[in-house]
Amino acid sequence: MNYEPIYTNLRTTAERGMVFAAIEVLIDALYKKGGDINSLIETEMPNAVVRPLKQALTQLPDTSPKAMHAYLEGLRKQLAMLRTLSLEIAFDPTEETIAVLTGWIREYLGNDIIMDLSIDRGLFGGARVSYEGRYKEINLAMLIENTIQQQNESIHAILEHTSV
Amino acid sequence: MFAILITVITVHAWRTARYHTQEGNEKQKLPEEVEARHILSNANREAVEIIRMATEKALEILQSAESVKESTTSSLAKELTAVAQQHKQYLESASLKYVETYEHMAEQAQEEYLSTLHEASQVMAGDAKRTLDMFETFLKDQTIGYKQQMEKKIEDLRNNVNEQVNEYKKEKLKRIDKSINEIIISVAKIVIGHSLNVKEHNELVLKALEEAKKEGFFSHLEL
C-alpha cells in the first residue's frame, strides 16, 4: 500500500507521535459499535494528515474494520521507518518555521524525512544539525564570533583610539 | 820566746845534775847525803843564777820586743792611716768619677732615648700618614667601585622592572582584549539574538542547512 501521501504531510517527530496515538484510538474504534472513524480522524490526527488519511481510507478496496486495521498497522510501521533529521534551534518554532523548513527538506532531501525539533536558546540563532551520527552547527553565536575575530584588528584600533 | 828560755834552763839543770852524779860516783868515799845536799845546793845556785840571767835576758828581750811593738804599732798605725787615707781618697775620687760617669751616661741615655723617641714618633707619624693615604686611596677606589656596582645593579633592576611591567602590561592588555571581545560577543549575541524576528530566525536556520548541504552533510540523502 502507498502511504506516501500521508507521511509526506508529516513534518515533525511530535506530529508522528500524535499519529501513533491517533492510530491506537482509531483501531480501538473500529471494533466498537457506532464508532465514527472520520470524526475521530479529525479530532485525533494532526491537521496536515486528516485529509490524505481520509482519502486513503475511502480509496481502500475493502473498508471492513479488519482491512482498515491492516492499513493503519501498515501506516504505523511505515511511519516508524521514517528518517529523522534533528534540528536544535534558538526559538520556539512557529507554524511558518515548520512549513519553511519542511519545504526545504522536501525539495532537497526527500519526502520520508521528518524533523526532531528542540530548543537551545544559547544558540541565539541558526541551528545545530545532526543526522545518523553526523553533526553540524551553524549558529548566530559562531557567526558573531567569527565576524568579530575577522574584525579584531579594526576593533582593537578603535579601542586604542578611544582609550587615548 | 819565753818557752825557749824555759827549755834552755831545764836542759842546763839536767846536764848539771848529771855531771854531779857522775862526779859523786867518782867520790864514793863522801857521805851520800852531804854530797847530795852539796850537789843540790850547787844545782840550786846555778839554777837560780841561770834563771836570773834568763830572766834578765827575757826582760831585755821583752823590753826590746815592747819597744819593737810600740814602734811597729806606731808605724803600722801610721801606715794604716796613710793607706786608709789613700783608700778614702781613692774611693772619694772613684765615687765622684762614678757619679760623674753615671750622670754622663744618664744624660746620654736620656738624650738617646729622646732622640730615639723623636725618631720613632716621626717614623710612626710617617707610617700613619702613609697608611692613612693608602686607606684613603683604597676607600676612594672602593667607593667608586661600589658606586659603579650599585649603578649597574640599579640599572639592571630598572631594566628588569621595566621588562616585568611591559610583560604585565601586555598580559593585562591581552586579558582586557579578551574580556572586551567576550563582552562584545556576549552583548552582540544577546542584542542580535533578541532583536531577530521569526523570519530572520528561519533564514538563519535555512542558512545553517544550506551550509551543511554545501559541505556534503546530506550527500547520501540528497535527491
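Naming convention: chains lettered A, B, ... in sequence-line order (proteins, then strands); numbering from 1 in each chain.
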Please classify the contact between A:L87 and chain B as side chain, backbone, both or neither, with a heavy-atom cut-off of under 4.5 Å.
side chain

Interface moiety of B:E200 toward chain A, non-hydrogen atoms closer than 4.5 Å:
neither

Is the count of non-hydrogen atoms from other residues, nucleotides or ligands lying under 6.0 Å from B:Y98 atom OH greater than 12?
no

Which bit of A:T94 comes within less than 4.5 Å of chain B, counting heavy atoms only: side chain, backbone, both or neither?
side chain

Answer yes or no for A:R134 and B:F217: cation-pi contact, defined as NZ/CZ to six-membered ring centre under 6.0 Å and angle to ring axis within 45°.
yes

Is the number of heavy atoms from other residues, nucleotides or ligands within 6.0 Å of NZ (B:K207) greater than 12?
no

Quick one: which of A:D36, A:V49, A:L26 gives a side chain to side chain contact (heavy atoms under 4.5 Å, CB included) with A:I41?
A:L26

Which one wins on heavy-atom pair count under 4.5 Å against chain B: A:T97, A:D92, A:V100?
A:T97

